[in-house]
Amino acid sequence: MDSEDTPQIITHIEHNINHCLFDCKWIPCSAKFVVIGSLPKGSGTLEIFEINSGELKKIKEIERPNSFKCGTFGASSDIERRLATGDFKGTLEIWDLEKSSQVYITKEHTDIINSIDGMGGNSLNCGAPEIVTGSRDGTVKVWDPRQRGKPVANMQPVQGETRRDCWTVAFGNSFNDAERIVIAGYDNGDLKMFDLRTMSLRWECNLKNGVCYTEFDRKDIPMNKLVATTLEGKFHVFDLRTQNPSKGFAQVLDNSSKSGTIWVARHVPQNRDIFITCAGNGQVSLWKYEYPEKRCHLDSQGVAVGVPGKLKRLQRMMISSQPINSLEWNRDHLGLSIATSYDQYVRVLVTTKLNLQ
Amino acid sequence: MDKAFEIQKHARDNVKTLQTYLTDLQNWEIEMKRKEAALNDEFVQDLPPVRSKARKEKPVQVKNKPEKRITGLDYSAWDKFDVNKACEEVDMADLGPVSLDSKKSQAAKTEKLKEEAQYEKERGNNFVKQEKWDEAISCYNRAIELVKDDAIYYANRGLCYLKKDSLHQAETDCTEALRLDPTYVKALQRRATARERLGSLRAASHDLAAVLAIEPHNAAARRQLEAIRARMGTKGAKSKSSPLSTPTVESKPVLPPKSSKIVELPAEPVKKELTPLEKWLNGVGENITVIRPVKKPPHLRSKRALKHVTIHEIPLGTNKTDDKPPTRMKIIEVNDNASHGDTNNNNANNKIVDTIPSCDGDKIKIGDNVKAGDNGKIGTSTNYTVQNMVPPVNSVQFMSEWKYLKGNDRARSDYLSIIEPTKLPSIFENALESDVLSELLYTLCNNKEKFRNKISAYLKAICKVKRFSALAMFLTNSDKNLLNDMLSHCKAVENLTDSEIADLINKYEL
């Protein structure tokens, strides 16, 4: 039975859009959000909605010939609020949504951009504004909106090796101007951590199933935790504070929910130990990571080894009949989130009592 | 009962929380809309540089520091050194790095300008290849506007003017280029051509003489000089050369330039009655060879590294030598690419060790060398062995030696083999031309056993030369055949892995 403090997940608004949806993002400093999708004829759409006393109001729609796949506001300041998008043809575009025009366009990827992440737009002393894209062509590229046409870093398999489909990318560890890490998950279960300061592969491991989504609990602190979700209903949480030369990072695996692919895992911006996972059966689950008493201990050789914590499920809720393919928490309002799903609905979700956890 | 009541209470609580949450949400909506409207663009971010640029700035700073340092031996510089100012600077640096910042950006700016100018130059060069002189000139104009102190842009524009028969402009451009870089051979040759066609033969011949002083093996310059001399002869010119670049001054005493001195050397010495001192200086009647200091102005001196010459002490006095110093080997500097300097030293060495012939033989040797240089053919190069060669440190040295060894594959391969493969990129910088590349490949391919297990190292090093990707595009079919041949050799003999081979194939665009 639920205790008093158990959070509730409630679908606040449900809005049907008659085409396929891939991603949704809050427009910073506003009650508006962008929904990224594609029409049956193969063209891409960016739609802007505003929450208006319990209703969704469509403000603007942009249609382009190529389907969009993903988007981020991360590399843009709250004033400019420029959306970076990746599409099915491998084009990276940055949009001025006010004017409905692109301010940056480049096509260096040869296939669909599956995942995009941005950072540095707002946070001071946390490095340059940069965008990272991961594509089916097997490359991960890092872009700076101030440098036209060419990526500032490009991570690809050495020639002759098979190019794995990169499904997810994310920034992290960007706690000063120099440090920054890109994490990339691939369809064969590879998880690779690239250090952008030293331009080297810092760590890699294989999670056995294709990695669908990965996120650091915070981007702008020395890396603390990482969640990576995979096919077959599993997800891993890594403690990144202690890297053992032989064993790598301590991890805890959850495969308790038989819910199919876990498409997304997102940390609550106001509480980095709570995150939500969105599964292929339309269920969302709220998790809390509980730290062990000591996060690292010394092994027999005197080398530090990380100690994994425990995962506690706070709540779960079936909100859709189809996989939920994206979810984003609102930065400014605790417990407010939007999610898109393959049942062609965009939902505004409300989670209560998060402040009590 | 209690339980049912509890559940009911719980549900009611939940609804209540949700209700308050939704009111909060409503308030938040209104708040956000107000906030959003208040947003304006007065927001300047202090962002760190783009990743790729960030790395570039560091080396610039590092480079600046050693330049400032004055060596302990440089007394004149210390005389100029303003102690008070330096102290002030140190104080300022403690206060804050304000001045440093501006300097940094200044350096970045000039760097950018240079890049831009280099781009214009590349475009200009392309136009030159297509013989579109006017377009090329406008490109060089822009490059010169951006960077005023690069001799190359002037010299190239000079060439375009030359092709367009704007001879006066060509001459001014070349003069400007030479002001910036007095040893710029191409500019000298172009000015000579311009002057020749303008009719100032003496000035032209002087330029050519200067060319020959820098590059004694430059056959084209030599031919041109001879042609001009012939013309001057028919016109009845009085003196063959004047030391001054201006053709108007004739009354000054003439010092024959270097090249003519070389030419006249063999005829000079024999008949004259020598004073004892001169005899002693020339080492007449002794089993030794006298090595003379080579006098050259600093800017004409060899840029090649000084060569180590082992001096063998030998007991003198087998002849009637009493009051002579025990050894008179004086080596000031190993002469540039001038064959006589080099071979002379080595001949001398050999002869002293072997204690063979008299100085007469030696003289003949000198004569031979000069003759060889005269014809522009390399007669002596067959004797040219690895010991005589010095690895180059820049492309100018390499090219002069390489040209000098033209037609002698064995010597060329010897020369190439003494160059450390890893040094190739730093030697060539961005001055590797496609014809030279072809010759390099040819030499490598035809001397596989000489380079033994090093061919792959050379091939890899060549890939690292700047602008190599552009050169790779111009590889001819025969070059590619050579490369394929070498790669299969590398695979078979040097045990290169498949991925390395694939990488090379990719780089060479095979």
Side-chain angles (χ1 to χ4, degrees), chain A residues 1-4 6-8 10 12 26-32 50-54 77-81 120-122 124-130 142-147 150-153 158-161 176-178 180 196-197 199 330 332-336 348 350-354 356, chain B residues 2-58 112 496-507:
Chain A
M1 206 197 79
D2 293 354
S3 81
E4 290 241 323
T6 308
Q8 305 293 313
I10 293 136
H12 177 43
W26 288 101
I27 298 180
C29 287
S30 74
K32 295 186 279 191
E50 185 168 37
I51 303 178
N52 216 332
S53 48
S77 72
D78 285 352
I79 308 296
E80 289 180 325
R81 296 189 292 188
N122 270 314
L124 277 179
N125 302 321
C126 284
E130 280 176 340
V142 180
W143 310 84
D144 191 309
R146 295 167 296 174
Q147 177 174 307
K150 280 260 167 281
V152 291
V158 288
Q159 207 162 32
E161 230 169 79
N176 64 25
D177 275 354
R180 189 165 284 182
L196 289 184
R197 183 177 61 81
M199 287 291 172
N330 189 290
D332 304 310
H333 196 77
L334 179 67
L336 184 65
V348 178
V350 162
T351 312
T352 60
K353 293 185 190 164
L354 279 176
L356 300 178
Chain B
D2 255 11
K3 204 165 189 185
F5 181 69
E6 214 170 88
I7 291 171
Q8 208 174 3
K9 182 178 175 288
H10 192 76
R12 208 175 290 165
D13 274 358
N14 274 346
V15 173
K16 219 180 196 174
T17 348
L18 182 62
Q19 218 72 56
T20 42
Y21 189 92
L22 290 180
T23 2
D24 273 1
L25 188 64
Q26 194 94 39
N27 291 339
W28 171 78
E29 270 174 45
I30 297 160
E31 174 78 356
M32 282 326 276
K33 275 166 202 170
R34 197 184 53 75
K35 256 192 189 169
E36 198 186 358
L39 284 180
N40 52 15
D41 290 14
E42 291 171 24
F43 175 71
V44 182
Q45 273 180 306
D46 181 26
L47 293 171
V50 179
R51 202 166 287 280
S52 49
K53 303 260 158 66
R55 255 178 273 119
K56 267 183 203 160
E57 251 163 58
K58 270 183 196 162
K112 210 172 173 191
L496 245 66
T497 61
D498 282 344
S499 70
E500 279 175 303
I501 296 275
D503 189 38
L504 282 172
I505 285 178
N506 191 29
K507 289 229 172 82

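Classification of the A/Trp26-B/Trp28 ring pair by plane angle, with boundaries at 30° and 60°, yields perpendicular.
Between B/Glu31 and A/His333 the shortest side-chain heavy-atom distance does not fall below 4.5 Å. The closest side-chain heavy-atom distance from A/Gln159 to B/Asn506 is below 4.5 Å. Contact check for B/Leu18 versus A/Val350: side-chain heavy atoms found under the 4.5 Å cut-off.
Looking at A/Lys32, the atoms closer than 4.5 Å to chain B (heavy atoms on both sides) all sit in the side chain, from C-beta outward. Proximity to chain B involves both the backbone and the side chain of A/Asn52, based on heavy atoms less than 4.5 angstrom apart. Contacts of A/Leu334 with chain B are made by backbone atoms alone, with heavy-atom separations under 4.5 Å and no side-chain atom involved. Heavy atoms of A/Leu336 lying under 4.5 Å from chain B belong to its backbone as well as its side chain.
Heavy atoms only, all atoms of each residue included: B/Met32 and A/Asp332 are closest at CE-OD2, 3.3 Å. The two residues B/Asn14 and A/Lys353 make their nearest non-hydrogen contact at OD1-NZ, 2.9 Å.
Rounding to the nearest 0.5 Å gives a distance of 9.5 Å between NZ of B/Lys35 and CG of A/Asp78. The distance from the OG atom of A/Ser30 to the CD atom of B/Glu29 is 11.0 Å, given to the nearest 0.5 Å. Atom OG1 of residue A/Thr352 and atom NZ of residue B/Lys16 lie 14.5 Å apart, to the nearest 0.5 angstrom.
No other option in B/Leu22, B/Asp503, B/Asp13, B/Asp498 has as many heavy-atom pairs under 4.5 Å with chain A as B/Leu22.
With sequence neighbours excluded, no residue satisfies ring-ring contact (aromatic ring centres under 6.0 Å, His included) with A/His12.
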